[in-house]
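Take a look at the structure below.
Order of the sequence lines sets the chain letters (A, B, ...), proteins ahead of strands, with each chain counted from 1.
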Protein chains: 2
Amino acid sequence: MMLLRVSQVLLGLSALSSSALALWPQPRELSTGTTPLKLSNDFSVSTKGLPSTPNDLQDAIRRTQGFLKTDKLQALVPDRGASSKSAVGSARALRSLRLAYTGTARRLTSLAEEAIADVESRVEGYTLTVPSDGGEAVLQANSTLGLFRGLTTFGQIWYELEGTAYTLVAPIQIKDEPLYKYRGFMLDTARNYFPVDDIKRTLDAMSWVKINTLHWHVVDSQSFPLVVPGFQTLSEKGAYNAKAVYTPQNVKEITDYAAARGIDVIAEIDTPGHTAILAHSFPEHIACFEASPWTKYANEPPAGQLRLASPATVNFTSSLLTAAAKLFPSKFFSTGGDEINANCYKEDAETQKDLAGRTVDEALDGFTQAVHGALKGVGKTAVVWEEMLLDHKVKLANDTVVLVWISSANVQAVAQAGYRLVHASNDFFYLDCGAGAWVGNFPDGNSWCDPFKTWQKSYSFNPIANLTKEQEKFVLGGQHLLWTEQAGPTNLDEKIWPRAASGAELFWTGPGGDVRAALPRLHDLQYRFVKRGVKATPLQPEWCALRPGKCDLDA
Amino acid sequence: MMLLRVSQVLLGLSALSSSALALWPQPRELSTGTTPLKLSNDFSVSTKGLPSTPNDLQDAIRRTQGFLKTDKLQALVPDRGASSKSAVGSARALRSLRLAYTGTARRLTSLAEEAIADVESRVEGYTLTVPSDGGEAVLQANSTLGLFRGLTTFGQIWYELEGTAYTLVAPIQIKDEPLYKYRGFMLDTARNYFPVDDIKRTLDAMSWVKINTLHWHVVDSQSFPLVVPGFQTLSEKGAYNAKAVYTPQNVKEITDYAAARGIDVIAEIDTPGHTAILAHSFPEHIACFEASPWTKYANEPPAGQLRLASPATVNFTSSLLTAAAKLFPSKFFSTGGDEINANCYKEDAETQKDLAGRTVDEALDGFTQAVHGALKGVGKTAVVWEEMLLDHKVKLANDTVVLVWISSANVQAVAQAGYRLVHASNDFFYLDCGAGAWVGNFPDGNSWCDPFKTWQKSYSFNPIANLTKEQEKFVLGGQHLLWTEQAGPTNLDEKIWPRAASGAELFWTGPGGDVRAALPRLHDLQYRFVKRGVKATPLQPEWCALRPGKCDLDA
């Protein structure tokens, strides 16, 4: 951690003076020089020294080479780099990047395989050296994923001036690996639907900042776009329309696309709450369906929860979730478990009968054991929202992962209980906060999780606050989240980016970064995203983006 | 007002049950029936009865006919209109809309001319009847602008089902005219630059909700994108780059485009504050240029104000603003006048010398008289921000228009002083509020005008609160505003729409509307905007959009 902090401070100063190196996330160890270097017109990436080159790594190399040509990101200084013209003109030219494998395997595994390997076993580190004398650059790793992360970094090194890609800070030496194994982003595709291409574009953008997990909250009470084999009626009656669905082919397309970019896709079918839409197909399994007023029966309309005390419903849920889980190659599957409404069950005669003297929490325990057991049977490890553990005291398997969303203050209790956890608290990481109440007749209403969460807010988060050394090891990582009550295809990019990149750096590089030093690099990232077709939100007037530090409060 | 309120309540009920008529803004008087009617495949608009058909009206007719074919807006009900199939199939077909002129002129004036006529003289009213028996629809007005507004309404009547445009609520009778003459939107193109096409798309969207004024805050301290004949060095040295400019040809293209859509473009060159960028070309006219810390010398970086006490600067400003004003056909030109910083002048030796015993406000009075006088000389009426009148007590010409932005509570003082005013207060109409502080090192900072201003907030505004009958007549209208510290081409549509439509209806239809009744129509508008290529933000989950009222707090 000491080394990290030193390098952050050093780069911070450098960035303030020249925005010299547009890397995001910041590598854990980085040293730079002061020599200009340009990319040769015949620049190429060599894989000759690798024991083998998986197809998805080859594709990643092609994409990187494409970006080197098409990014055309000018330096964010007032003259956009024009004063460097003679330095760039007379610079040495880098002709090749050589990929080297430092492991012992006879063949490299594919990115796709490594992306979905056990989260603790993933190896994403790499070293990258870019000499200043025109000699070859070298990217070394002992995993395909590490080579891929290093390629991503290599693609961010270059600015463009009159058709030439260059850096002013060669030689560059990077030794990098993530501090946390889980760096995620959650997307809700149930409140509003997103076409497959939107999700693919989001996966691309995630990979550019080394996010390695898409937590896909695919269905909810409002719609059921997932086509589940054996349960097709759910999407037929529950999708917003016949085209607003994710077929098994779409899911494969998405998970393949993700894995080829080092991203594991963890699907969630939230249960037993957030399931009203199932009543259109299976009314027998849903309590308090569209009960009114919804405020009494659910956190948002429409109300409806699985009859968790009914043996038939437990079986149904186990079957549905295992059928859904089989669509996804990930080792994880989320069964949700947030916002279970007590009134709903209290007033449901069927549930009261089925409880047969048990409490709702006792029934929930049985429900969860059964469903998680079924998932275990198809090789899936369960992920749940924090209430399952902290409020309902469900007996969860030791390997269950707990998502902490209600408050970052609840992290300690989860770690104390000995469960792996993911930071996902609304007070730092919810991208939907601050856009006003979305219910229809509440003119003075703010969003429930006001205010808007700025990139600076999440950047300043400490993932191990109040944790003992023993507890720290349960922190898998963290993620930004986009609930989509007020989002759709029209504003998806703008809502996510560049704010989710803040979490990406926090959980890769580690906490303690200075927002002042980070901002110039985040501007670079925002501009680069726009060049690559992702409509990221501008963070400041361009005047500020071109003048690092000048728009700080004390400048 | 009584009739209006009755019709609003009636339509409200209708909208709650079926989202029957997707009009926005709501016509002042409206009656509907219950008979289905469809548009004939050979539907046409007849102008035979008009004394003449200006080219820009013909273009508007063509655009309307295009939208009738391309909008393909399905009804916002769960089955998207499928259950109306037989009713639509057997409905009578409307074959024509006849335009009729009820005035006395021998030739119709063009939209372009009427759009920039004296604001009080503009005639935008119309009547529209759509019979249920297949007989021709008739649109009557005694102005070209009125015909245009009616065409816009006609284009919103129709839903689409399997290729057929239809309504379920014929016959329809509308008698409409705006309550307020000024319905605007302000765009800042200086904090971040917007290409001409973005502005044109915004003008289109504005016209769809009958907004009739673009208040174009074209330059500011951060950049000077306007190419002003005789002062080209300002944009050469002050634009973000050589392409981020508005040439005189661009301005003509934009003002022509606007006028053909019934929109007057009021340009603003903000003075004497917000002018730092001028120092790159004319350092002699700028005090406290980039003085540090900026917080002491300006409301945002960089600091810099015109040396208002210098006779040379007064002459320069008069020349610059008249040269700029000549580019714009509008009768109005805004000289700004907000956020003048006292420290800047106090510490500027040149200004202290030039004051020669006068107070800054006395000098500001002389500066303003001279500049406004020069503008009057080229036929322009001045527009100013409220401080000029309320804080600095500048002696303004009686016809000056005052923009109230600091607080809606200040409206009374402006009306009391006898000046025409435009509602533009940040507490109701600022579209940039609520996205966090944009300065670089303020992790817990909120935007200065938190919270986010919802559409419901502006919709609930009362333009004549606390005004006497005598004072009410000074209210010209109002506008939403987008300052672009955190906006750019990537998120322009999402920031403006559909929220600015809320103001459009408020100032057309009048206050007192019920957000509950309005929401289904606003969903229609949001969906229609997306169909027309404007990336408006979703207001709710689609589940709610399809079920009017179901997501109200008490549903």
**Report entry** Toward chain B, the part of A:Thr490 with a non-hydrogen atom under 4.5 Å
**Finding:** both
Query raised in the report: Side chain, backbone, both or neither: which part of A:Ala536 has a non-hydrogen atom closer than 4.5 Å to chain B?
Result: backbone
Can you name the nearest heavy-atom pair linking [X] to [Y], along with the distance?
| X | Y | result |
| --- | --- | --- |
| A:Trp543 | B:Pro301 | CZ3-CB, 4.1 Å |
| A:Asp552 | B:Gly440 | OD1-CA, 3.3 Å |
| B:Tyr240 | A:Glu542 | CB-OE2, 3.3 Å |
| A:Asn441 | B:Asp554 | ND2-OD1, 3.4 Å |
| B:Gly434 | A:Phe452 | O-CB, 3.0 Å |

Query - Note, A:Pro541 side chain near B:Trp483 side chain (heavy atom, < 4.5 Å) - result: no
**Report entry** Close side-chain approach of B:Leu539 to A:Gln486, heavy-atom, < 4.5 Å
**Finding:** no
Rounded distance [0.5 Å steps], [atom1] in [X] versus [atom2] in [Y]:
| X | Y | atom1 | atom2 | value |
| --- | --- | --- | --- | --- |
| A:Ser292 | B:Lys550 | OG | NZ | 7.0 Å |
| B:Glu494 | A:Lys535 | CD | NZ | 12.5 Å |
| B:Gln222 | A:Cys551 | CD | SG | 7.0 Å |

Query raised in the report: Does A:Lys495 offer a backbone N or O that forms a donor-acceptor pair with the side chain of B:Asn491 under 3.5 Å?
Result: no
Requested in this report: State whether the side chain of A:Gln456 and the backbone N or O of B:Phe442 hold a donor-acceptor pair below 3.5 Å, judged by distance alone.
Outcome: no
Query raised in the report: Where on B:Ala190 is there a heavy atom nearer than 4.5 Å to chain A: the side chain, the backbone, both, or neither?
Result: neither
Report summary line: So, the part of B:Cys544 with a heavy atom under 4.5 Å from chain A: the answer is side chain
Requested in this report: Determine the option with the most heavy-atom pairs under 4.5 angstrom with chain A, choosing from B:Trp438, B:Trp455, B:Tyr193.
Outcome: B:Trp438
Query raised in the report: Any idea which of B:Pro451, B:Ser223, B:Ala435 has the most non-hydrogen atom pairs under 4.5 angstrom with chain A?
Result: B:Ala435
Between [options], the one whose heavy-atom pairs under 4.5 Å with chain B are most numerous:
| options | answer |
| --- | --- |
| A:Pro293, A:Pro302, A:Ser221 | A:Pro302 |
| A:Ala244, A:Ser460, A:Pro489, A:Ala487 | A:Ala487 |
| A:Gly436, A:Pro78, A:Ser458 | A:Gly436 |
| A:Leu519, A:Thr454, A:Asn192 | A:Asn192 |

